[in-house]
Peer 1: 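Got a structure for you, questions after.
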Amino acid sequence: MTVRVRFAPSPTGMLHIGGVRTALYAWLWARKNQGQFILRIEDTDAERSTEESVNVILDSMRWLGLDWDEGPEVGGDRGPYFQTKRLSLYQEYAEKLINEGKAYRCYATREEIATAREAYEKETGKRGFRFRSPWRDRTDGDPSQPHVVRLKVSLEGETGWKDVVYGDVSYPNSEQQDFVLIRQNGLPLYNFGCFVDDASMGVTLVIRGDDHLINTPPQLMLYAAAGIEPPKFAHLPMVLGPDGKKLSKRHAAVSVLEYRDLGYTPDGLLNYLARLGWSHGDEELFTREQLIEKFDWDGVGKAASKYDTKKLEHVQSHHLRELSNETLAQKVTPHLRARGLEVSSTDPRLPLAIEPVKLRATTFIDLADGLDYFFREVPEQDEKAVRKFLKQDSVPVLEKWIDIIESAEGESFTPDAMKAELVRWMEAQELKMKHVMPPARVALTGRSKSPGVFDIAIVLGKQRSLERLRKGIEQAKAAEA
RNA sequence: GGCCCCAUCGUCUAGUGGUUAGGACGUCGGCCUCUCACGCCGAAAACAGGGGUUCAAGUCCCCUUGGGGUCACCA
């Protein structure tokens with residue numbers, strides 16, 4: 001049987017980090033098994049669903065590179081892939097269950113139920129009210145009147161299944177009630193919509209967060225009532241914030257698109273997320289292909305995990321460095337433009353400058369920052385660095401630099417050749433590297449931290465290096481003694 | 001509160017009855033070094049507690065504790 005899995009977000013906001021991990025595992029499983037990955041939009045909450053959220057989800061999935069075989073925009077045999085476009089199907093399933101006496105129309109009003117709940121809580125002092133509808137066995141209702149459809153649930157025994165990650169799980173049926181399938185407005189409720197869709201879309205493995213563990217028994221009851229073989233279930237432990245609480249906006253970036261804007265690579269984010277809750281021996285770093293090859297359910301743990309941005313940054317910086325300088329050039333260009341630097345993504349200086357900078361960057365934003373002074377006509381200067389290193393006594397040093405770079409031609413315009421010359425002079429002056437490098441660094445970059453000074457001079461080229469050094473001398477001379 | 005799930009360094013985790021309890025991030029020290037990074041070397045750091053079972057328990061069972069989830073005409 002070919003693997004068919006789905007990711008079924010509800011368009012009520014951004015796609016967050018926990019959802020991405022669920023989507024990722026499903027996607028990996030589909031790709032690993034040459035199965036189908038279905039994207040289904042669960043938009044039956046008319047109050048909260050928005051079209052904007054649908055676009056955010058689609059954009060997020062596309063950015064992550066989690067392509068879907070069936071779903072919005074690509075279509076498929078089992079569509080439509082928006083629940084609100086499948087209403088007649090839910091009606092059909094519901095009516096079949098009603099006709100078979102497995103479900104019934106309930107005309108009790110919300111008020112009646114609320115009153116009964118209050119009475120129960122007042123009387124027992126407990127939560128956990130279960131509504132017992134008087135309409136369960138009545139046949140005198142008028143279907144033209146407002147009503148909901150409920151499933152006749154047996155309160156005897158228990159309902160369990162063998163979860164792919166949790167193993168045997170079961171819930172006593174006494175915890176259940178005749179839950180609602182179709183609400184008064186005709187829209188299906190989560191468990192029913194989910195059941196109808198998974199069944200009619202031929203989903204073989206339901207992958208979702210463990211907050212859905214509790215929803216599995218009702219869904220299993222629906223499969224049983226409809227006489228349909230249920231799929232398998234894999235519930236994933238939660239992703240919590242660093243403080244062990246439910247992940248929320250308070251905990252750094254939680255929306256996928258924020259990571260895109262922060263300059264992360266999809267592969268870095270995905271690698272980190274994959275390892276959060278799944279492991280493959282001691283391996284930590286994976287390419288997308290390796291993830292597909294190595295992902296398996298045995299490696300998925302049962303315990304909730306905490307989101308750790310430090311580790312994410314580490315994994316991300318690794319993935320950034322794995323990209324070629326040419327690819328990085330292309331990806332970083334928009335970020336350079338955002339800083340007001342008009343640089344072409346094919347500018348030949350870009351890969352050269354990227355080489356030393358990428359070891360110092362985690363994201364494209366960092367990369368753009370590290371590249372800034374190479375492409376800015378006049379580099380922005382760190383005042384503290386200027387004050388500290390461009391002083392009167394820096395003048396001779398800077399003049400020597402000018403001398404070296406001016407006379408450097410072809411073969412001698414290399415880090416090694418320049419260094420040899422500088423060292424010769426330095427020793428004669430009884431100076432150390434630490435006296436001779438910082439002034440040049442600040443003059444060339446405006447900063448006190450940067451890659452090697454010689455490398456920078458090479459990328460900058462003779463002309464621009466000389467210009468900046470001359471300006472540095474002016475500043476040094478203007479400084480107080 | 002009822003029900004369900006979970007529990008190895010601060011964090012992510014390896015471990016499937018016999019290990020000096022391993023790796024990674026982070027932290028701390030050192031090396032490299034023109035700064036910052038990268039890289040390399042090293043250190044501190046964990047089996048929540050209590051009972052069993054067993055020759056032997058991080059590994060199996062029970063209880064306690066702690067954490068999480070969920071109790072809708074939300075998903």
Side-chain angles (χ1 to χ4, degrees), chain A residues 8-12 42-49 83 106 108-110 113-114 117 124-131 146-150 163 166-167 169-172 174-177 179-185 187-191 193-194 208-217 235 237-238 240 242 244-246 272 275-285 298-299 301-315 317 321 356-361 370 385 389 419 422 426 432-442 445 447-454:
Chain A
S10 59
T12 53
E42 307 210 331
D43 55 352
T44 56
D45 185 340
E47 304 281 298
R48 299 192 299 148
S49 297
Q83 290 191 319
C106 169
T109 63
R110 287 171 188 266
I113 298 170
R117 167 175 287 117
T124 63
K126 294 179 191 168
R127 301 189 55 182
F129 166 73
R130 319 267 150 196
F131 181 59
H147 64 273
V148 300
V149 177
R150 291 179 184 272
D163 195 89
Y166 284 102
V169 183
S170 70
Y171 286 82
S174 56
E175 292 291 309
Q176 303 295 339
Q177 63 180 334
F179 59 91
V180 174
L181 271 29
I182 307 265
R183 41 193 151 188
Q184 209 175 97
N185 65 8
L187 294 175
L189 214 48
Y190 176 71
N191 280 324
C194 187
R208 56 182 18 167
D210 77 1
D211 47 335
H212 285 288
L213 235 23
I214 189 84
N215 289 318
T216 309
H235 287 91
M238 301 262 87
L240 306 171
K245 301 287 183 199
K246 197 167 180 175
Y272 171 70
R275 272 294 281 100
L276 195 63
W278 169 80
S279 64
H280 194 264
D282 283 340
E283 295 174 63
E284 298 280 352
L285 273 8
D298 285 346
K302 299 177 182 178
S305 38
K306 299 186 185 74
Y307 192 69
D308 178 8
T309 51
K310 280 284 185 285
K311 181 111 177 207
L312 165 64
E313 284 170 12
H314 174 260
V315 174
S317 62
R321 277 176 238 148
V357 172
K358 68 178 177 183
L359 287 181
R360 296 163 171 81
F389 297 113
K419 186 173 184 180
L422 183 69
M426 204 178 76
K432 304 253 190 218
M433 283 289 204
K434 67 179 176 185
H435 304 301
V436 109
M437 291 304 217
R441 164 171 289 111
V442 176
T445 71
R447 306 178 182 194
S448 57
K449 301 171 184 175
S450 82
V453 178
F454 296 113

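A note on names: the letters A, B, ... follow the listed sequences, proteins ahead of strands, and every chain is numbered from 1.
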Peer 1: According to the Watson-Crick and G-U wobble definitions, with both distances under 3.5 Å, which nucleotide is paired to B:C55?
Peer 2: B:G18
Peer 1: For a quick check of understanding: with a heavy-atom distance under 4.0 Å over all strands, which category does A:A46 fall into, base, sugar-phosphate or nothing?
Peer 2: nothing
Peer 1: Does a side chain donor of either A:T216 or A:R208 reach within less than 3.5 Å of an acceptor in the other side chain?
Peer 2: yes
Peer 1: Does any donor-acceptor pair link the side chain of A:N191 with the base of B:A75 at a separation under 3.5 Å?
Peer 2: no
Peer 1: Suppose you measure atom P in B:G15 against the same atom in B:U8; what distance do you get, rounded to whole Å?
Peer 2: 14 Å
Peer 1: Could you let me know what B:A7 is paired to, Watson-Crick or G-U wobble, both distances under 3.5 Å, or none if it's on its own?
Peer 2: B:U65
Peer 1: Side chain of A:Q177 only, please: which of B:U35, B:A72, B:C12 is the nearest?
Peer 2: B:A72
Peer 1: Partner of B:G42 by Watson-Crick or G-U wobble geometry, both contacts under 3.5 Å, or none?
Peer 2: B:C28
Peer 1: Now, which nucleotide makes the Watson-Crick or G-U wobble pair with B:G2, with each of the two distances under 3.5 Å?
Peer 2: B:U70
Peer 1: Nearest 0.5 Å, what's the CE-NZ distance between A:M437 and A:K432?
Peer 2: 14.5 Å
Peer 1: Between the protein and nucleotides 23-27 of chain B, which nitrogen or oxygen pairs are less than 3.5 angstrom apart?
Peer 2:
from	atom 1	to	atom 2	distance (Å)
B:G23	N2	A:E284	OE2	2.7
B:A24	O4'	A:E284	OE2	3.4
B:A24	N3	A:K311	NZ	3.0
B:C25	OP1	A:H314	NE2	3.2
B:C25	O2'	A:K311	N	3.3

Peer 1: Apply side-chain contact (heavy atoms from CB on, under 4.5 Å) to A:P146 and list each qualifying residue two or more places apart in sequence or on a separate chain.
Peer 2: A:Q184
Peer 1: Pairing check on B:C36: which nucleotide meets the Watson-Crick or G-U wobble criteria with it, both distances under 3.5 Å?
Peer 2: none
